[in-house]
Structure formats: structure tokens, C-alpha cells
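Throughout, a chain's letter reflects where its sequence line sits, starting with A, and its residues are numbered from 1. Just so you know, these numbers come straight off a predicted model, no measurement behind them.
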Amino acid sequence: MTLDEFRSAAESLRRDGPAQVAAAGTLDAWTEARNHLVGRTSGRLSELMTALGTLPKEDRREAGLLANSVKQELEALLDARHVELLRAQQQGPSIDPTMPGRADWQGTVHPVSLVIDEVVDIFRELGFTIALGPEAEHPWYNFGALNFPADHPAMDLHDTLYLDDLVLRTHTSPVQVRTLQQYPPPIRILAPGNVYRADPFDASHAPMFAQVEGLVVDEGITFADLKATLTRFANRFFGETKTRFRPSYFPFTEPSAEMDVLCGVCKGSGCPVCKHSGWVEILGSGMVHPAVLENAGIDSEKYTGWAFGMGPARTALARHGIPDIRILYDSDVRFLEQFAR
Amino acid sequence: MNLSHEWLKAFVPHTLAAEQVRDLLTAHVATVEGFERLRADLAPFVVARVVETEKVPDTKLSFNKVDDGSGTLLEVVCGAPNVTAGAVYPFARSGTMMPAGFKIEKKKIRGFTSNGMLCSAAELGLGEDHAGILELTTDAAPGTPLLEVLPLGDVRLVLDVLPNRPDLLSHLGVARELSALTGVPMVNPDAAHAAPVVDVTRDAREVRGGGATVRLEDADGCPQYLGAVIRGITVAPSPAWLRERVEAAGVRSINNVVDVTNAILHGLGQPMHAFDLGTLAEQTVVIRRARAGEKIRTLDGVERALTPEMTMIADATHSIAVAGVMGGENTEVKGTTTDLFLEVAYFDPRRTRKTRRALGLSTDASYRFERGIDPAGLVSAMRAAIGMIIAVAGGRVDGGILGVGAEPAPRSAVALRPSRVRTVLGAEVSLALITQYLTSVGFAVQPAGEALTVTPPSWRNDVTREVDLIEEVARLHGYDKLPDTIEAYRPTTVPDHPLYLTGRRVRDALVGAGLAEVRPMPFVKGDDASHWRVTNPLADDEPHLRTTILESLARRAEYNLTRMLGDIRMFEVGSVFLGKGKGQGVLEEVRVGVLMMGARHPQHFADGAPAAIDAWDVKGLAERVARAAFPGVAVTLVPGDDGALWTIAAGERVVGAVTRVALDAPVWATPAFGVELTLGEMPLAYVAKPRTSAHAGVRPPMAPPAPAVRYTPLPVTPAAAFDLALLVPDAMRAAEVERVLRTSGGDMLESLVVFDEFRGAGVPDGMRSIAWRLTFRHPERTLRDKEIDGRRSQLLKSLENQLGVKPRTA
């Protein structure tokens, strides 16, 4: 080989090398390219080095410098490419960022429970704890202890499902009496739970539904306290609103009051939702009847109290725009999924 | 209770608008839940003047120019004979909907365009007169709405009367409240047709007069009874004023006699009945208990069987009415009736209630008797009825009013301490104001030292305690005027119910695991042997209470499957009702139930089709739920027998099971699995005997806090691990192998994890290869390879010796 031929071979390697390095898209291809270009045994550079020995002595210095500079250039390119490929391998294959992420099933809380939770949270701020009681109940706890006169039209307000000598409780108020018998005042409790009525199952009635009961008993508890606490609840639950208290009747409270809030749709000016009254009924309440305290063995001269009860299902229907109460019971998974948070 | 605004005004001549009456009653008395303008259909009609009229020859028609106040005269064709220029008439502009249900259209008649209609009384639904159009006597300008000219704009107020206030079931009763609230005194609306005062002849048992005999044999069922004979009446349609009254109350007009009885019921709250005297055997009326087997055909044409628990009205031979509920058909007032026997009575509330329930027959009368009418109002009601009947049907009273039974005792006085008013209401209401409020609604108030002695009026049977009077003060003062101040409070003595806290933890765990909470009803098909039956179930196909949550969830899953929805993961925290057939009554437990089926994950493009939920998913979930339910307690899933895949133990107690759930499922559905876990009992027992408490005023001690997690020091030495693939016979449980691995693994065995199970090539039939990864660690130093190899040989020897299990050789 002449020096010119050597030069030409070296320049050819310098010309081709970068393209081959750049074309190596994987680490395996890179190894192949490296072996082909600068491999110790069969690479093109090693061929040059072998040829170097065949050159006339006076040409070897120049040829050696040339071969060395080509080698350094190629190795620099190969190293850079190697780093690129390693980095790409760490990052994995390139992704199409518009493809969907991997989701898992999402659990949901029933809309009626969502309302109960909110009520519970608000009353917890006001120092209430949670009490529970049985759904199959003694008639005394459901009626007698709560001052229902025997065989009186007041009983017609509670169409009752019976279980031999028990009843399926018609309200959560029996928990009031159980709690008063078990714990001394001061009492501030909330009692959520299911209650039963012999109402046919239709778009607006269900034979079983949830109720939330509240009870406060201590010395010095007044109707002013009832109004203030329930108004505070209403403002927390519905956002700033107004409340209205109307005379009502429950055998176990006196004075008894229904609490209304401003209609959320018309803000009080009257619309079909509120039957043009401007108000929507939220809960029943009243001062605990002294007979109830006496029936639980509590001194009704010393202690006073107030209680309320509300139906979270009705609130759930209204706030979510659910037109038929039966949907709450059907448990259609497409319905339940709508309450994912 | 339907109230007529106009009728109330006849009792209390106030000047309030119906809306103001509604608001006053709602704020102070009882809620007005309905508000209806009775002739709203007449709202579009106006007063119009006929300016010119011209007869069309050979027809009944006239062409008219009419001023309806619009500024242009309208051409109107009219068929009535009495059109007079200059007179004013009710006018329907074109487009107006007529009460009969058709719309007035603009139309061409004989070349004239008719732009509306001049109306007759009949066309407006105001009577029978359609001989001509209705000439109005008014100064009102053309264009004035007709309702402003004619007194037709009555408003019906529907009052929601609750069971404690039967006195509000009449116009009189509501008028008393309105009078108190407005300060406008009451007047007698019937003064125009009052008869001369009729005297009362009374006896405890029997009275005769006017040819009739009244005998009281059941003073318990009927403490007081008044009768009166009226002879020579003429049954006819009612005059307009009477018809309007009963119709305003929502009652259909029948005839003048029946309408009077209804006017007395809705006006004064006293139910009454009129018998055709000529049909009464021996003109005798007996109030007695029914005889066994006795029957009566009531006014509604239904034959009804009576029992001795019921009070009856009878003549000398037959029953003629079910006391307080409904009269008999055979003594009904008919068009030919000339002589009446009027009944005004007080029937016992409880007796009436039992009777109407037994007969399944609720009437306006029974509704009032069972709530309690005014026992002192009978005589005035009878006098009003007599006066009204004579005014509308003629006739005369024969023999005066015949009264049997006892006159009512005055109501017991109740003491009221003004200090107690403050204690309950949190407001200072002056003694003068308290007295004024109570007096305004008929209470007699006497000062008695610091307190007041208050006697309720005869019509208020609901006031027997001091707190009843406080309620009167509160409502008359106005709930909205009472203060609403939030006071500092003392903390409650009641801890959170543990089952509430457990339920919330369980719910959070399950929602976090991708399940949906449901709240189905607990009624199931069930059977009498194992399920409690609801005595009066609403649905005959689901008369029982459930004994498992899964019964409810299975039906809900099937509901979804019929809608082609097969990815079902739902749970409920709720009550089940056990103990049927065990002889100790209902045992209520709070449980969580879980039902799962369908895909394990939502589909993702990178993973291929997701696998179906299998037993391992549910086993894992069950462990997670049980740990959430019983924190700090060891949870184990024990291989089940008896249909359960596993039973769940918390500590030593079995608390639930994992099962396959049998469903009525379509072929495409994947297998369903269930978890049912008892969270706790909800005891039914009495906390304490009635009228006592269990605490004697002392707060029970607080429960100890839940056990806290103990910190395990983090390792500072490296672990060494190796895998063991073992050939395990199908009949041998992996747990047996694990037991040997653990006991022979020594102190340094840190963890033991199954990572593979394999059947097939290289594994003998009846065997499987199970692979475990064992991780060892010495707390203080690095383990040497030799130690690990030695432990491996040791383990293989133990397995071989104790179980005959060998490694799967490569």
C-alpha cells in the first residue's frame, strides 16, 4: 500500500464513520458499528493499522498520526452515541402522550350517605357525637317513651311495620330515649339510621329510608339555643341562607317547630319547587317534651333540651336532581358511578 | 282542612288579603300548605260596555260595537235577546278560554267579524241562567277584570291540621285564631238565619219530646247526645249562599238539609246527622253498643258487620247509624222527607277511632270525633243547625232539644310559672303579654302568686301541662320573634358509638378498594323457619327481614345483570335480623356485605383484556376489610367447609366468611364472590326500666384507647434470599408446607412469599410445583453464603422427612 492509498482509505473511514455511528439506533447496533469501525480484530481501523506496518518507514509517522486522529474522532462519536443510547434506554420507548393512563376502579359513597356525612361533620364542629340504636325496636322506645298517646290519631302519622311484639322503628327518636337512659346530661348527640314506614314504594315514598336525629339535653338549654344551632347548621349546609320556624306538632317535643330555609331555586320569591311559598322544609324540631325526660328517668325540672330530625334522602334527591326515590335503592352501577369523587 | 277565605271573613270581618291570612296562620297556628283561587278561570274576563247594537233581521243575532277598554271599539256578534246599548256585561276577548273548555276565536258571521263574546251567567259557570247575557250593575270602567266586580274571588286555604289541634278543623276554630292574631272581634256569621232560642230538656238516660224518644244506653261511647225534631220541611236544592259555603269547603252540594249538616261540620266543627223521622221505628233513637252479628247498610251502600266494641244509633228495631262514623241508608233524608230528626253528639274519641279502623271507613265526622270535638259546643251547634234548616227548608221545631248524658265538666286548670317560660324559651315574655296571649285564644287566666292559674277553653283538649301553655305563648308571640343566641355548651358525656366508627373505617377501606356503597332495603323472600316475618308486609313476595346482607346484594347484582352490567363491586354496611326459631327474640347485627364480579381492572390498551375477579381478589379484600373492622386484632382466613371458601377469624372469633354467590345470571357473567362480616351486635334489651336511667347521673368511664402500632427498628444489615420450588401433592395444603418452612427456617427467616404455582411439563400428575422466596437476615451481621446454603439443605431435609415433599429438580 502506498501512502496515498493509505490516506485515501483513512479519509474514507473518516467520511463513512459518522453516518454509521448515527445510524446505530440500538445498543446492539452500536456495538456492531463500533466493531465494524474501530474493533480490535476485524474493524476497518485495525485493517488500517495492519496496513501501516506495510508502508515505507518514512511514511509511517504521517500515516500513524492520520490513523490516530481518525480513531480519536470515531471514538468520540461512538462514546457520545453510546451515552445517547443508554439514556434513551433508561427512558424507555417513546410514548404517545395522548393515550389514556392506567386507571383502577373508583369506589363511591352512596348519595344518601354523602348527605349524612356532611350533616355529621357540621354537627361535630358543634360538639356532637354519634349514637346508634336498633332498627327492630320495642314499641315503648318507639312510641310510649316518646309521649305518643296510646290509640291516638298521632299514631296515624307513623304507619308502622310490625314484627310480632316489636316494631320496625318509625323514626330515629328511640335513640334519644336509649341515650338518655344510658348517659347523664350534658348530652349532644346525632343519631343517623334507617327507619321504616308502611308506605307503598313509589316515586316519592319508600318503606325504609334514612333519618338523622339530633338531641341536646343540659341545664339551661332553650328554644333560643335550638334556633341558633339549627340556623347555624342550615348556613353551613346550604351556604348563607335564611331560616324560618313554624309551629308544628310532634308528641315528643313541645314547643315543636318545622324549620324552613329559603328556596334554593328562587331564593324566596316563589317558584314551583317551593310551591310558591319561597321556603323549603328541611327538618322538624322542638324542645324535648318533659314527659320524654321523665320517661328516661331524667329530672325534667332541672334539665331542658331540644331535638331535631331530618330526612337525608329528600335532600339528596333535591341536590342531585334525582327525580325518583326508587333510584336510590335500585343500586344500578351506572348510577352509583356518578358519585365518584 | 279546606278553608274558605270568605267564610273566615264572615266570622272575623278583617281586611287582610288571603296571602296575609296564609302567612299569619303559617307563622302562628298551623301551616297553610295549599292556596288556590277558586275562580282563577275567570281571571281573563273583563267588563265591557255595548256602545251600539243593531238587530239582524230574521235572526236572533245582533251586531254590536263594544268598548272593552282597549281604546278601539270591537265588533261583536251576539245571539242574546237582551243586549242593550249603554249596558255593561262580562266580556271574553278572542283567545279567552271559557270555563266549559273551549276558546273564543275571532270569526266571521254574516259579513261581520266577531272579536269576542258577551257572556251569560251559565257560560261563566255562575248558575243555570243562559236566557240572556249577564247585565252587570257596576260603575267600573270597561276593561276592569270581572273578578274585581263580582264577589267570586274566594280563595281556598288548605290548612295542615296536626292531631293535637282538632279545634282547627272548622272555620270557627281558625277564625278564633285569626281574631286573636288580628285583634278583630268575632261575629256570628249565621245571625241572618238564627231561629228563636230553642230550650234543652236533659236527662242522664232518656228524654221524650216532639213525639220522639231518645235513650242513652252507652254513656261510655257517647257521653252526650242531643236530638231535635223538625216537622214540615221541604227538601230542595240549596240556595246559592249555602251551596257556595259547602263547595268552598270542598264538599259537593246535595240538598238543603244535607248541606246544612255539612255547613255545621265545616263551619263549627260539629259533625251532625239528619235522619228521616218517618223512617224511624216508633220514632225512637237509642244509643247503644252493637249486638254481635248486627249489620247495617251505610249511606255509601256498603253492608257492614258490627261488633259489640262499636257504638250504634238504633231505632226501636234496627240500627240506623254507626255512631260518629256514618249514617244508615234506610233512614237517609230523601226528596220526599218532610220530618227530620237531627243528631248532634259527642262520641268518645277512642271508641270512634277503633270503630272506623275496624270498618276501614274514615269520614269527615269520624276524623273530628276521634280527635275530640268541643264538648261544650253541642247546644250552640244544634241551635245554629235548627235556625239554618228552618231558613232554607222551612218547618218548625217540635218538642225542643232533647238531651241525654252529662254536661261536660270544665277543663282542669294548669299552673304556669313565667320563670319557666323563660327557662324553656330563653326569652323574657312579660306577665301582661303572657296573659294577653292566652286570653286572646280563650284561656281563662288567674294570677296565683308568682304563677298563673290557667284554664283551657272547652275546645282545647290538648292543653294539660305547663309546657302546653308555654307552646301557646311561643307561637302567639311568634317563633321568629324569639331570640336565637348560641350559648357556650358543656361537652357531651356520650362517646361515639363504636359501630359507627367501625362502619366508617370499613366503608373507607372498601371505597378505597374501588367498591360502591349501596343502601338497599332489607326485605327478602325468605322463609318463616329462619327469617322474621313482617306482620303487615308491604310486598307479599318479600315479607321477611334478611338474615344476611348478601341476600340484598345478590338481588341488586341481578338487577344490574338484567341491564347487561356485569362489572359489579358493591357493599353495604347495614343490619340483619337473626334469632328466628332460636327462642330468644330478634337478634340484630350490624354487618358489612360485599359482592364482587366482573373485570379485575378497567381495560387498558397496554395490558390486554383484564382478567375476571377471582377468589384470590376476594380473599385479599376480605383480609383488608377485616383488618379495618378490627384494628390491632390478628385476622386469619381459615379454609372453609360448608360452602364457604374461607371463614374470617378476628383473634379467636369467627366474624364472617368469603363465599361464592349463586345468582340468576346470564351466561356471559363472570363468577360472583361475596364477603359477609359481622361488625357487632345492636342490642335490643331495655337500657333501663321505663322512667328510670342506668347512670344515676354519673358519666360512665371512658373506654381505653385503641392499641397503638409498635415501631419495628429498621434493618441495618443486608438480607440474603433464595427460592425453593417444591413438588406439593394436590391433596396437601400449601399452609402445611409453610408451617414446616417457618419452624425449620429459624429465627433469621424474615419473610416467606409464594410467587408461583405451576402444573404441567416436568411436574408429575397429582402434584403441583409451588415456589417460595425465603428471605433471611441477621440483625447484627451479614450472613455468609455457607450459612444460607446450610439452611437450604436443612429445610429440604425437614420437608422430605416431615411431609415427603421434594424440590422440583431442574
Does the structure place the NZ or CZ of Arg519(B) under 6.0 Å from the centre of the six-membered ring of Tyr329(A), at an angle of no more than 45° from the ring's axis?
no
Give a yes or no answer on whether the side chain of Gln181(A) reaches the backbone of Ala688(B) with a donor-acceptor pair at less than 3.5 Å.
yes
Just by distance, do the side chain of Thr492(B) and the backbone of Ile187(A) share a donor-acceptor pair under 3.5 Å?
no
Is it true that Tyr686(B) and His138(A) have ring centroids separated by less than 6.0 Å?
yes
Is chain A contacted by the side chain of Phe605(B), its backbone, both, or neither, given a heavy-atom distance below 4.5 Å?
side chain
Side chain to side chain donor-acceptor pair (under 3.5 Å) pairs, two or more places apart, involving residues 148-166 of chain A:
Asp151(A)-Arg353(B), Asp156(A)-Arg353(B), Asp156(A)-Arg356(B), His158(A)-Thr170(A)
Is a side-chain donor or acceptor of Thr493(B) paired with a backbone partner of Pro184(A) at a separation under 3.5 angstrom?
yes
For the interface with chain B, which of Glu258(A), Arg334(A), Lys275(A) has the highest count of heavy-atom pairs at distances below 4.5 Å?
Arg334(A)
So which part of Ala685(B) gets closer than 4.5 Å to some heavy atom of chain A, the side chain, the backbone, both or neither?
backbone
Hey, are the side chains of Tyr183(A) and Ser693(B) touching, using non-hydrogen atoms and a 4.5 Å cut-off?
no
Under a 4.5 Å heavy-atom cut-off, does chain A meet the side chain of Lys354(B), its backbone, both or neither?
side chain
As an exercise: rank Asp225(A), Leu163(A), Asp330(A), Thr229(A) by heavy-atom pairs under 4.5 Å with chain B and give me the winner.
Asp330(A)
Contacting moiety of Asn560(B), where chain A heavy atoms sit under 4.5 Å
side chain
Side chain Thr692(B), main chain Gly297(A), donor-acceptor under 3.5 Å:
no
Could you look at Ile486(B) and say if it's the side chain, the backbone, both or neither that has a heavy atom under 4.5 Å from chain A?
both
Looking only at atom types and distance, does a side-chain atom of Trp105(A) sit under 3.5 Å from a main-chain N or O of Leu515(B), one as donor and one as acceptor?
no
Please look at Phe339(A) and chain B and tell me whether the side chain, the backbone, both or neither of the residue comes under 4.5 angstrom of a heavy atom of that chain.
neither
Donor-acceptor contact present, side-chain Asp496(B) to main-chain Ile130(A), <3.5 Å:
yes
Is it the backbone or the side chain of Asp23(B) that comes under 4.5 Å from a heavy atom of chain A, or both, or neither?
neither
Within the supplied structure, the quantity of interest is the number of heavy atoms (other residues, nucleotides, ligands) at a distance under 6.0 Å from Arg350(B) CZ; does it exceed 12?
yes
Glu471(B) and Ser256(A), any side-chain heavy atoms less than 4.5 Å apart
yes
At a heavy-atom separation under 4.5 Å, does Phe335(A) approach chain B through its side chain, its backbone, both, or neither?
neither
Per-residue contacts, residues 216-223 of chain A versus chain B, heavy atoms under 4.5 Å
Asp218(A), Glu219(A), Ile221(A), Thr222(A), Phe223(A)
Do Asp480(B) and Phe245(A) come close enough that some side-chain heavy atom pair is under 4.5 Å?
yes
Under a 4.5 Å heavy-atom cut-off, does chain A meet the side chain of Arg555(B), its backbone, both or neither?
neither
So, the part of Val29(B) with a heavy atom under 4.5 Å from chain A: the answer is backbone
Output, in order, the C-alpha distance, side-chain angles, deciding distance and verdict of side chain to side chain donor-acceptor pair (under 3.5 Å) for Arg246(A) and Thr26(B).
CA-CA 6 Å; Arg246(A) 291 180 278 123; Thr26(B) 297; over 6 Å; no
Check whether any side-chain N or O of Lys227(A) sits under 3.5 Å from a backbone N or O of Leu482(B) as a donor-acceptor pair, and report yes or no.
yes
Is Arg371(B) in contact with chain A via its backbone, its side chain, both, or neither, using a 4.5 Å heavy-atom distance?
both
Take Glu517(B) and Ser113(A) through the side chain to side chain donor-acceptor pair (under 3.5 Å) test and state the conclusion after the steps.
CA-CA 9 Å; Glu517(B) 187 199 15; Ser113(A) 300; 2.8 Å; yes
Side chain, backbone, both or neither: which part of Ala296(A) has a heavy atom under 4.5 Å from chain B?
backbone
Short side-chain to backbone donor-acceptor contact, Arg102(A) and Gln603(B), under 3.5 Å
no
Highest number of heavy-atom pairs under 4.5 Å with chain B: which of Leu180(A), Leu328(A), Thr231(A), Thr179(A)?
Leu180(A)
Let's test your reading of the structure: which of Pro111(A), Ala145(A), Ala150(A), Ala191(A) forms the most heavy-atom pairs below 4.5 Å with chain B?
Ala150(A)
Beyond-backbone contact of Leu538(B) with Phe201(A), side-chain heavy atoms, under 4.5 angstrom
no
So do the side chains of Pro134(A) and Val586(B) get within less than 4.5 Å of each other, counting heavy atoms only?
no
Highest number of heavy-atom pairs under 4.5 Å with chain B: which of Ala228(A), Pro100(A), Pro153(A)?
Pro153(A)
NZ/NE/NH1/NH2 to OD/OE distance under 4.0 Å, Arg569(B) and Glu337(A):
no
Could you check whether any side-chain heavy atom of Glu294(A) comes within less than 4.5 Å of a side-chain heavy atom of Arg691(B), counting everything from C-beta outward?
yes
For the backbone of Ala136(A) and the side chain of Glu588(B), can you confirm whether one donor and one acceptor N or O come within less than 3.5 Å of each other?
yes
Is chain A contacted by the side chain of Leu545(B), its backbone, both, or neither, given a heavy-atom distance below 4.5 Å?
side chain
Side chain / backbone / both / neither for Pro166(B) at chain A, heavy atoms under 4.5 Å
neither
Whatever's closer than 4.5 Å to a heavy atom in chain A on Pro690(B) counts as both
Ion pair present between Asp117(A) and Arg504(B), side-chain N to carboxylate O less than 4.0 angstrom?
yes
Under 4.5 Å, counting heavy-atom pairs only, tell me which of His289(A), Arg178(A), Arg244(A), His276(A) racks up the most with chain B.
Arg178(A)
So do Ser248(A) and Thr31(B) actually touch side chain to side chain, heavy atoms under 4.5 Å?
no
Test item: Pro522(B) and Asn194(A) side chains (from C-beta on) under 4.5 Å apart, heavy atoms
no
At a 4.5 Å cut-off on heavy atoms, which part of Ala557(B) comes close to chain A: side chain, backbone, both, or neither?
neither
Would the distance check show the side chain of Tyr489(B) and the main-chain N or O of Leu126(A) forming a donor-acceptor pair, the cut-off being under 3.5 Å?
yes
Between Ile116(A) and chain B, with a heavy-atom cut-off of 4.5 Å, which part of the residue counts as in contact: side chain, backbone, both or neither?
side chain
